[in-house]
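Data first, discussion second: the structure below is written as structure tokens.
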Number of protein chains: 2
Amino acid sequence: MDARERLIETARELLWERGYVGTSPKAIQQRSGAGQGSMYHHFRGKSDLARAAIDRSAADMRDRAEAEFGRPGTALERISSYLRLERRVLAGCPVGRLTQDPDVMGDPQLREPVERTFDWLTDRLTGMLADGRRDGEFDAALDPAATAAMLVAVVQGGYVLARASNSPEAYSRAIAGAIGLLTGHARPA
Amino acid sequence: MDARERLIETARELLWERGYVGTSPKAIQQRSGAGQGSMYHHFRGKSDLARAAIDRSAADMRDRAEAEFGRPGTALERISSYLRLERRVLAGCPVGRLTQDPDVMGDPQLREPVERTFDWLTDRLTGMLADGRRDGEFDAALDPAATAAMLVAVVQGGYVLARASNSPEAYSRAIAGAIGLLTGHARPA
DNA sequence: GTCTATACCTGGATAGAC
DNA sequence: GTCTATCCAGGTATAGAC
């Protein structure tokens, strides 16, 4: 792995652990083993490197989700397996945590991949829920867009609960609660 | 309002806007109009002041929730009115955002009020859901603890979605989705 | 491509005068 | 109680040598 690559991967780790404001160029250099000059040769500065790191984390998140969405099975099955994906719960969401960072959300370049990822995810779930409803899998009263937003929110909020209690259980409980309600609503009236 | 009070209120604002790592003592002093010496007279340092600010924000959050929980009405009504409480959605949750801050979660003194607040909230909702289920308001299959965790997560995740899309609509959609499912499950089989 | 030197600002805190 | 002076480490970046 060359220096450029190590810098990006290390930046991803540190952004995940400490956010953008909490991550200094020096910390990235030290952990990656790249020197000052090397970093500023490959990237114009902190935000340029961060953009590369965020792009990659966002693509990663979409790929992992899409792998579940593309499986065979009913909409409920595919959504449930997505929700139960193994996640580093206590670490939080590498993309979602960036929404709390004023310097990320204040910079259009850094914000763009974050915004796009959540739009994509919500749209994808909305489509699956609409298909499931059409096929009689869900109640006709189910609102696909609202339910999709709720599901994405449960995952993101699950991370918050898990970190607050320092235990992954809180995350699992929230997911189980969501699947329970979704299953209940799946009974046509 | 005396200097001590202004320091606490200003610290609350800045912690809300920028988190703990993103907030410097100097920024607090400048915005509050208190000098260096004043701040270090009233507080031992940054983390001591932060503790006072976090305690107050946590108490605030509990008070606002309890005001809704204590209203008359069914469990579903009280929970719905809590979920629909007017919130500064784009600002995020003043307590929840701290869970993303490694320096807060790494310090037992700062972490404690955050952890306690989410424990309290989840327990309170669990109790109301259990009461509602006992009274036939919800399906017997509803799991109070899991559903409570899911509701807290939807609120916290709703903030994430709203900030990602820079619009409060995403928050409202997630809440509407949760209430929709909760209402659906409320029909006994 | 990578290194070292340098620069300037901010973060977080202490000391002592008033 | 509040002010100013001072301190040292770290953040972020540029310059120029190798």
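In what follows, chains are A, B, ... by sequence order, proteins preceding strands, each numbered from 1.
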Rounded to the nearest Å, what distance is computed from the [atom1] atom of residue [X] to the [atom2] atom of nucleotide [N]?
X      : N      : atom1 : atom2 : value
A:D107 : D:dT12 : CG    : P     : 14 Å
A:Q29  : C:dG1  : CD    : C1'   : 14 Å
B:F43  : C:dG11 : CZ    : P     : 19 Å
B:L7   : C:dG12 : CG    : P     : 15 Å
B:D103 : D:dG10 : CG    : P     : 14 Å
A:Y40  : C:dT4  : OH    : P     : 16 Å
B:H42  : C:dT14 : NE2   : P     : 16 Å
B:R44  : C:dG12 : CZ    : P     : 17 Å

Options [options], nucleotide nearest the side-chain atoms of [X]:
X     : options                : result
A:A3  : C:dA13, C:dT4, C:dT2   : C:dT2
A:H41 : C:dG1, D:dT2, D:dT12   : C:dG1
A:Q36 : C:dG1, C:dA13, C:dA5   : C:dA5
A:K46 : C:dG12, D:dG11, D:dA13 : D:dA13

For this session: Spell out, yes or no, whether A:V21 and B:M105 are grouped together once hydrophobic residues are joined by side-chain heavy atoms under 4.5 Å, including indirect joins.
Result: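 Cluster IDs for A:V21 and B:M105 differ.
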For this session: Any chance you could lay out the salt bridge (Lys or Arg N to Asp or Glu O under 4.0 Å) test for B:E66 and B:R62, step after step, and finish with the verdict?
Result: CA-CA 6 Å; B:E66 189 57 44; B:R62 288 195 295 273; over 6 Å; no
For this session: Could you grab the distance from atom OG of B:S172 to atom CG of B:L83, nearest 0.5 Å is fine?
Result: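 It comes to 11.5 Å.
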Exercise. Does NZ or CZ of A:R87 lie under 6.0 Å from the centre of the six-membered ring of A:Y82, at an angle within 45° of the ring axis?
Worked result: yes
Exercise. If each of A:G22 and A:G37 is mapped to the nucleotide of DNA chain D with the nearest heavy atom, which maps nearer the 5' terminus, i.e. the 5' end?
Worked result: A:G22
For this session: Would you please confirm or rule out a distance under 4.0 Å between OP1 or OP2 of D:dG10 and any side-chain N or O of A:K26?
Result: no
Exercise. Taking the side chain from A:R97 and the backbone from B:Q100, do they hold a donor-acceptor pair closer than 3.5 Å?
Worked result: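 Flag set: sc A:R97 to bb B:Q100 pair under 3.5 Å.
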For this session: Quick one: label B:T23 by what it contacts on the DNA or RNA (base, sugar-phosphate, nothing), any heavy atom closer than 4.0 Å.
Result: sugar-phosphate
